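Below: the structure, in structure tokens.
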Amino acid sequence: MSTAFIILLVLAFFIFMSSFFTVKQQSSVIIERFGKFHSVRNSGLQLKIPLVDRLAGRVNLKIQQLDVIIETKTRDNVFIKMKVSVQFKVIQDKVYDAFYKLEYPHDQITAYVFDVVRAEVPKLKLDDVFERKDDIAIAVKRELNEAMTTYGYDIINTLVTDIDPDIQVKNAMNRINAADREKTAAEFEAESSRIRIVAKAKAEAESKRLQGQGIADQRREIARGLVESVEVLNNVGINSQEASALIVVTQHYDTLQAIGADTNSNLILLPNSPQAGSDMLNNMVASFSASNQVGEMMKKYNKKVEKPKPIQPQSGYEDDVQPEVQS
């Protein structure tokens, strides 16, 4: 077997093997014959004529994503950068249009996104752009679908994934937000302080009421005890004046005892001499007796002053009146 025959055999083998090719899942292959479109082959093992047919290109049928960053301005003249993500795919029945009608599909999609965004955003204020970003995305999708369907592309979805204003604008917005939150916090703190003050005032009022009621009850019981003490002393021959003075002196010594029992007390009771008790007792008895005498004298004087005078008839009236004479 000659060398030339072996070479021909090897070439024939490689040519035969080149007749077969595979197409991956979710993709298509364009076959051209002598430079002219021949067919579209889908996934699996495929066959072509060697040296006649060739693989012009492969078309991806998966969903693809294109991120477009646009700089534009709002109606209130704030420049922002927006990121629009476009999800699209090639329609399987229009692989021919997608492959032959567009040279650079990404550039075509980017141009349409720029056109729609720069037409919609200048109509809105900055706050409205954040609130109505879904409306912008819907407008982009509608415009792209109308334009790209002709070229064999289906727009699955469009998303406004980022809105980035100028750094100074963001700082101003943050300050406004912080000031608003501080205002709200101040209002809540003021309301909380008011509630605490009202509750404290109510508690103090209730405490004073109960304290006053307790003092009134204490004084009532003290008065009742004094009355009982005076009655007991009267039964043993001590009159009311002496009994009252004796009770006061007893309370005086009780107070001195309470002061001496408290080591931290700074109270000084004057007078505090040993004979102060007896002097106080004598003075109180004398003052009670004097006040009783003065009271009796005032009662007698008031009775004399308030005694009514008899009514005197007018002079000369009775002399002018003559008795009637019976005929």
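Keep in mind it's a predicted model, so treat the numbers as computed, not measured. Along the sequence shown, residues carry numbers from 1.
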Practice item. Assess whether side-chain contact (heavy atoms from CB on, under 4.5 Å) is satisfied between Lys200 and Glu204, documenting all intermediate values. Key: CA-CA 6 Å; Lys200 183 178 179 181; Glu204 289 180 354; 3.3 Å; yes

ask   = Between Asp154 and Thr149, does a side-chain contact (heavy atoms from CB on, under 4.5 Å) hold up when you go through it step by step?
value = CA-CA 6 Å; Asp154 182 23; Thr149 303; 5.6 Å; no

Determine, step by step, whether Val29 and Val23 satisfy the side-chain contact (heavy atoms from CB on, under 4.5 Å) criterion, reporting the C-alpha distance in whole Å, the side-chain angles of both residues, the deciding distance to 0.1 Å, and the verdict.
CA-CA 7 Å; Val29 172; Val23 181; 3.5 Å; yes

Practice item. Take Arg33 and Ile49, measure what side-chain contact (heavy atoms from CB on, under 4.5 Å) needs, and give me the verdict at the end. Key: CA-CA 9 Å; Arg33 180 169 295 175; Ile49 300 174; 3.4 Å; yes

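Atoms NZ and CD1, on Lys202 and Ile197 in that order, are 13.0 Å from each other to the nearest 0.5 Å. How far CD of Gln26 is from CG of Asn42: 10.0 Å, rounded to the nearest 0.5 Å. One finds the CD1 atom of Ile136 at 9.5 Å from the CD1 atom of Ile70 (value rounded to the nearest 0.5 Å). Here Arg194 contributes atom CZ and Glu191 contributes atom CD; the two are 4.0 Å apart, rounded to the nearest 0.5 Å. Atom-to-atom distance recorded for Lys48:NZ and Phe21:CZ is 7.0 Å, nearest 0.5 angstrom. To the nearest 0.5 Å, atoms OG1 (Thr158) and CG (Leu144) are separated by 7.0 Å.
Each of Asp135, Asp128, Asp134 was compared with Arg132 under the salt bridge (charged side-chain N to carboxylate O under 4.0 Å, His left out) criterion, and only Asp135 meets it. Partner of Val129 under the side-chain contact (heavy atoms from CB on, under 4.5 Å) criterion, out of Asp76, Thr74, Val78: Thr74 alone. When each of Glu146, Arg142, Glu143, Met148 is paired with Ile155, the side-chain contact (heavy atoms from CB on, under 4.5 Å) condition holds for Met148 and for no other.
The minimum heavy-atom distance between Lys62 and Asn60, with the atom names listed, is N-OD1, 3.0 Å. Taking all atoms of both residues into account, the shortest heavy-atom contact from Leu126 to Pro165 is CD1-CG, 4.2 Å. Shown here for Ser28 and Val40, the closest heavy-atom pair between the two residues is CB-CG1, 3.9 Å.
Remark: side-chain polar atoms of Ser19 are not paired, donor with acceptor, to backbone N or O of Leu47 under 3.5 angstrom. Side-chain atoms of Gln108 do not come within 3.5 Å of backbone N or O of Tyr104 as any donor-acceptor pair. Looking only at distances, a side-chain donor or acceptor of Lys141 sits under 3.5 Å from a matching main-chain atom of Ile156. Between the side chain of Ser193 and the backbone N or O of Glu189 there is at least one donor-acceptor pair closer than 3.5 Å.
Sparse packing is recorded around OH of Tyr151, with 12 or fewer heavy atoms of other residues, nucleotides or ligands lying under 6.0 Å away. Around atom CD of Gln168, no more than 12 heavy atoms belonging to other residues, nucleotides or ligands sit under 6.0 Å away.
Side-chain atoms of Ser39 and Arg41 include a donor-acceptor pair closer than 3.5 Å. Counting only N and O atoms by type, the side chains of Thr184 and Arg181 include no donor and acceptor under 3.5 Å apart.
In the hydrophobic clustering of ILVMFWY residues, with side-chain heavy atoms under 4.5 Å counting as a link, Leu159 and Val113 come out apart. Val52 and Ile31 are assigned to two separate hydrophobic clusters, defined by single-linkage of ILVMFWY side chains at heavy-atom distances under 4.5 Å. Hydrophobic clustering places Val117 together with Ile163 (ILVMFWY residues linked when any side-chain heavy atoms are closer than 4.5 Å, directly or through intermediates).
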Less than 3.5 Å apart, which donor and acceptor atoms pair up between the side chains of residues 79-103 and the rest of the protein, not counting sequence neighbours?
from   : atom 1 : to    : atom 2 : distance (Å)
Ser85  : OG     : Asp67 : OD1    : 2.7
Gln87  : NE2    : Gln65 : OE1    : 3.3
Tyr100 : OH     : Glu32 : OE2    : 2.8

